[in-house]
Amino acid sequence: MNFPIETVRGRFPALSLTDKGRRRIYLDNPAGTQVPQAVADAVSRCLLTTNANLSGFFETTVAAQTVVDDAHAAMADFLGAASPEEIIVGANMTTLTYHMSRTLGRAMKPGDEIIVTRMDHEGNVSPWLQLAEDLGLVVRFLPFDEKSWQLEEAALRALLSERTRLVALNYASNLTGSINRAKALTAVAKQAGALVYVDAVQFAPHGLVDVQGLGCDFLVCSAYKFFGPHMGILWGQRDLIDTLKPYKCRCSSNGLPERFELGTPQIELMAGLTAAVDYFADLGAAAGEGGARRQRIARAFEVSIAYENTLAQKLIDGLSGISGLAIHGITDPGRIGERVPTVSFTIEGIAPETIVRQMNGENIFLWSGHNYAWEIVHQLGIPAGEGVVRIGIAHYNTSDEIDETLESVRRVVAMLRQQRA
């Protein structure tokens, strides 16, 4: 089917906003997407009609509990979890990872080893580095292959030892866009007896996550990257998380997932989270899938991936024609399915921020900098203080927007080069 782009765009009020008569082009999506009207309505409705704390017996508290339960059930469907009890909701991915790293650290001792990668966002690196510092653990870094732009199983296998307790890796990079073979990498780590913690923040907006199929122990993602509110979600394999003793208040619940969700939950944002998941289900239904919510979500990704890949290849092809421009990631059209539509580049002699400031002035929203891909820029020898220009596509973007963006890059680069001459 043809992707229903006009229908999709009609769901997002922000896409019709203008500034002094000038349209907005949202290509800042790796840092956070816009939200459908249904998400904003769900948050508002919760605040106005079910605004209460939990565990009481009056109408609003009972309704608030339903909102919380619905959000866990929705994310279980979104991630392919076996049970809503495996879903832990928190402030954001980084906070959840810090919390879980300290919980897992209770079972680690000096000399134990953990592996982190040079492709991950700092949210899946620093928590483990600091845990290692606290406990006297040994940290081993897994580099990515600069030809494949992926983490390689053989390289991981070479780092593993009988003392490896945990491998932290990412599903997709927020700078290069590369999708890693998370299932294969997990299998290698599990053969060595290590736990596997997967950061799926950048993958979840662009591909169907199947936590049971991956075989990992933990997986984290962020709702605001897939059209939802600002919150993070952590999935943990039930038999494992049931054995863990988190840091928590003495009198708070020991049930799952409550023991990991500290304090009063973000109930109104959980309402928005359910609405974001249902947005995907509705898109799948519009594409002809009439089954359960998980099936409709899967169909939504089938059609959106095909649409996004076309836009991403158009962007890559256009950028590749600019003299002196280097794309840091997969560019081969035959491998477009091995990346998400996040494209980062540098241009010799021009600071990324200079390009981005000019394009932001044209109401094309995108980012420059290291974007917390701290290890990537260091492995590639890119100055961390400069970083890259990052363009990130979501499935509400259009081919015309990519054309306008490419024209802007060409024009801005030509202008900056002329100023240097």
Side-chain angles (χ1 to χ4, degrees), residues 75-76 78-83 86-88 93 96-97 100-101 103-105 107-108 112-121 123-125 127-128 131 137 139-145 148-174 176-222 232-244 294 298 301 337-340 375:
M75 281 308 302
F78 190 76
L79 298 178
S83 165
E86 297 181 325
I87 301 297
I88 299 163
M93 172 269 177
L96 285 169
T97 301
M100 187 55 68
S101 70
T103 297
L104 293 172
M108 297 182 188
D112 285 348
E113 299 177 1
I114 57 178
I115 294 174
V116 295
T117 87
R118 298 209 184 273
M119 186 177 278
D120 274 81
H121 184 284
N124 201 29
V125 178
W128 308 110
L131 179 70
L137 309 178
V139 178
R140 301 195 183 279
F141 276 91
L142 174 63
F144 59 92
D145 188 292
S148 70
W149 293 100
Q150 292 168 316
L151 301 171
E152 297 294 335
E153 294 92 318
L156 173 59
R157 192 174 289 110
L159 287 180
L160 290 163
S161 78
E162 61 183 15
R163 304 215 64 172
T164 306
R165 299 292 174 258
L166 180 135
V167 176
L169 57 91
N170 68 351
Y171 209 148
S173 168
N174 75 321
T176 69
S178 304
I179 297 173
N180 289 309
R181 295 179 294 275
K183 182 175 181 178
L185 291 163
T186 294
V188 170
K190 299 301 285 184
Q191 287 172 2
L195 296 174
V196 180
Y197 192 98
V198 176
D199 172 6
V201 169
Q202 292 299 318
F203 182 80
H206 306 292
L208 182 69
V209 176
D210 178 8
V211 289
Q212 295 183 76
L214 285 177
C216 58
D217 299 287
F218 303 94
L219 182 141
V220 280
C221 58
S222 298
I233 303 95
L234 185 152
W235 167 85
Q237 198 276 330
R238 170 62 190 269
D239 291 344
L240 175 58
I241 60 173
D242 206 19
T243 67
L244 298 179
R294 174 69 177 174
F301 277 112
E338 298 178 54
R339 58 144 50 245
V340 297
E375 291 297 330

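It should be emphasised that the depicted structure is a prediction, and the values quoted were computed from it without experimental measurement.
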Minimum heavy-atom separation for [X] to [Y], with atom names?
X    : Y    : answer
M93  : S222 : CB-OG, 3.6 Å
A172 : Q202 : O-CB, 3.6 Å
C221 : M75  : SG-CE, 4.0 Å

Starting at CZ of R140, measure out to CD1 of I115 and round the result to the nearest 0.5 Å.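 These two atoms lie 7.5 Å from each other.
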Could you check whether any side-chain N or O of [X] sits under 3.5 Å from a backbone N or O of [Y], counting only pairs where one atom can act as donor and the other as acceptor?
X    : Y    : value
N180 : L151 : yes
N170 : M119 : yes
E338 : S178 : no
E375 : T117 : no

Sole candidate of V198, L156, L214 that passes side-chain contact (heavy atoms from CB on, under 4.5 Å) when paired with L185: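 Of all the options given, the one that passes is L156.
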Pick one: which of L166, V139, L142 meets side-chain contact (heavy atoms from CB on, under 4.5 Å) with V116?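 Of the listed options, the one satisfying the test is V139.
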Pairs flagged by side-chain hydrogen bond (donor to acceptor under 3.5 Å, both in side chains) wherever residues 152-162 is involved - sequence neighbours left out: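 Sorted result for residues 152-162: E113-S161, S148-E152, E152-R181, E153-R181.
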Pairs where residues 183-194 contributes a residue and the test side-chain hydrogen bond (donor to acceptor under 3.5 Å, both in side chains) is met, not counting sequence neighbours: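 Applying side-chain hydrogen bond (donor to acceptor under 3.5 Å, both in side chains) to every pair that reaches into residues 183-194, excluding sequence neighbours, yields K190-D217.
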Which residue pairs satisfy the ring pair (Phe, Tyr, Trp, His ring centres under 6.0 Å) criterion with at least one member in residues 183-205, sequence neighbours excluded?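 Passing the test, one end in residues 183-205: W128-Y197, Y171-F203, Y197-F218.
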Please list, chain by chain and in numerical order, all residues satisfying side-chain contact (heavy atoms from CB on, under 4.5 Å) with L96, sequence neighbours excluded.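 L96 satisfies side-chain contact (heavy atoms from CB on, under 4.5 Å) with I88, L234 once adjacent residues are dropped.
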Write out all pairs satisfying salt bridge (charged side-chain N to carboxylate O under 4.0 Å, His left out) with one or both partners inside residues 192-202, taking only residues at least two apart or from two chains.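 Sorted result for residues 192-202: empty, none.
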What pairs with H206 under ring pair (Phe, Tyr, Trp, His ring centres under 6.0 Å), at least two apart in sequence or on another chain?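 Applying ring pair (Phe, Tyr, Trp, His ring centres under 6.0 Å) to H206 gives none.
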